[in-house]
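What's counted below: heavy atoms across the whole structure, side chains too, no hydrogens, waters or symmetry copies.
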Amino acid sequence: MGAGWSLRAPAAGPGTRRPGPGCPQPVRPASRASPFPPSLSGPSPCRASGAVRWPGPPERSRPPHALHTTGVPMTRTHETYDGDVVVSSDGLPEWLEPVERSARTIAPEQLSRFLPPEGGGGRQSAVLILFGDGAQGPELLLMERAGSLRSHAGQPSFPGGALDPEDGDPATTGPLRAALREAEEETGLDPSGVQIFGVLPRLYIPVSGFVVTPVLGWWRDRSPVAAVDPAETARVFTVPVADLTDPENRATSVHPSGHLGPAFLVESALVWGFTAGVIDRILHFAGWERPWDRAKQVPLDWRA
């Protein structure tokens, strides 16, 4: 999913908090390219404790829509839905806590100016934004769509797609199930190794009419991933967060229509559009963003 994103300058993200009890502090020293302090660099030994916990109350007041992204209240402290849908912040590595904090308070208009139609409409969908510990530290899972697809062909994206009836209620837990199901179908990911720890507000992709719920996941137990169906997915890859924050890898994409948006040149791919816009905002609100040259432009093909 990729078209329709514009550069914005929202307010700074929320502050910090101490890690929860029982989570060991990573001690691997940071590399010179790492965007994290030394105590947050490298794989963390912290794993889920098994307790089910919703993120705590927001740290500052937001309009009601900022706290109810899928109909699931983000201020609950303990909740399991339908016996199998769990959102928990327990056991997250310390470096991921700024993302979890931001998800509790961020408002839709701080992510994009493209929001779902007020009167409803649009095709309900979800994407999985999956963070993990890799050989080069924190990383993000992405995939590249097949070049033969009618929509967003050849474009890097998060795993995800439209909701199916069996996913359940689109207003509550349907997007959570859809994000995991689509990730499994596209990349071979084992959903049992993913801990959902947050949900971002629904966004809209005007060019395709998708209403997208971004679901945040922690790759607690890694599993092999690869393109399952070459007709849909060209490749599956991970990107170190340090590469995403490296100013040398950042640019402004220029669509033939004149539309401007953030872009990332990583892993032999140009990440732009919806995916780049969400990554850009996550880096900003997590406090990981580094100054970069917004005048550096990358023109997009007219078919984009």
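The distance from the CG atom of D243 to the CD atom of Q136 is 6.0 Å, given to the nearest 0.5 Å. Residue L111 holds its CG atom at 9.5 Å from OG of S102, rounded to the nearest 0.5 Å. Taken from OG1 in T233 to CD in E186, the straight-line distance is 5.0 Å, to the nearest 0.5 Å. Here the straight-line distance linking atom CG of L140 with atom CG of L130 works out to 7.5 Å at 0.5 Å rounding. The distance from the CG atom of D280 to the CZ atom of R250 is 4.5 Å, given to the nearest 0.5 Å. Distance CZ/F131 to CD1/I282: 4.5 Å, rounded to 0.5 Å.
Between A251 and L265 the shortest heavy-atom distance is CB-CD1, 3.9 Å. Minimum interatomic distance between A183 and L128 (heavy atoms only, all atoms of both residues): CB-CD2, 3.8 Å. Here the closest heavy-atom approach between residue L270 and residue A263 is recorded as CD1-CB, 3.8 Å. Closest of all the heavy-atom pairs between R202 and P116 is O-CD, 3.6 Å. When every heavy atom of P98 is checked against every heavy atom of W288, the shortest pair comes out as CG-NE1, 4.4 Å. For the residue pair R235 and E267, the shortest heavy atom distance occurs at NH2-O, 2.7 Å.
T213 contributes no side-chain N or O that, together with a main-chain N or O of A126, makes up a donor-acceptor pair within less than 3.5 Å. A donor-acceptor distance shorter than 3.5 angstrom exists from the side chain of Q195 to the backbone of D90, with no hydrogens or angles considered. A donor-acceptor contact shorter than 3.5 Å links the side chain of D246 to the backbone of E248. No donor-acceptor pair under 3.5 Å is formed between the side chain of E100 and the backbone N or O of F197. Side-chain N or O atoms of N249 include none that pairs as donor or acceptor with a backbone N or O of V266 at under 3.5 Å. One N or O on the side chain of S125 and one on the backbone of V211 form a donor-acceptor pair closer than 3.5 Å. Remark: side-chain polar atoms of T245 are not paired, donor with acceptor, to backbone N or O of R290 under 3.5 angstrom. No donor-acceptor distance shorter than 3.5 angstrom exists from the side chain of T173 to the backbone of V85, with no hydrogens or angles considered.
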Worksheet item: Between V278 and L203, does a side-chain contact (heavy atoms from CB on, under 4.5 Å) hold up when you go through it step by step?
Response: CA-CA 10 Å; V278 173; L203 303 174; 4.2 Å; yes
Item to complete: Show your working on side-chain contact (heavy atoms from CB on, under 4.5 Å) between W218 and D133 and close with a plain yes or no.
Response: CA-CA 9 Å; W218 157 239; D133 276 328; 3.3 Å; yes
Item to complete: Apply the test side-chain contact (heavy atoms from CB on, under 4.5 Å) to residues F210 and V127: give CA-CA distance (whole Å), side-chain angles for both, the deciding distance (0.1 Å), then the verdict.
Response: CA-CA 11 Å; F210 278 106; V127 296; over 6 Å; no
Item to complete: Kindly determine whether L283 and F264 satisfy side-chain contact (heavy atoms from CB on, under 4.5 Å), including the steps that lead there.
Response: CA-CA 12 Å; L283 297 181; F264 301 84; 3.9 Å; yes
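Residues passing the side-chain contact (heavy atoms from CB on, under 4.5 Å) test with E185 are R181, E182, sequence neighbours excluded. Partners of R123 by salt bridge (Lys or Arg N to Asp or Glu O under 4.0 Å), not counting sequence neighbours: none found.
Under a hydrophobic-cluster definition in which Ile, Leu, Val, Met, Phe, Trp and Tyr are linked whenever side-chain heavy atoms come within less than 4.5 Å, directly or via other members, L189 and L163 are assigned to different clusters. Note on V194: it does not cluster hydrophobically with V228, by side-chain heavy-atom contacts below 4.5 Å among ILVMFWY residues.
L180 is listed as a side-chain neighbour of I196, based on a closest heavy-atom distance under 4.5 Å. At a threshold of 4.5 Å between non-hydrogen side-chain atoms, the residues L115 and Y204 do not count as touching.
Looking only at atom types and distance, the side chain of T105 has no donor-acceptor partner in the side chain of R101 under 3.5 Å away.
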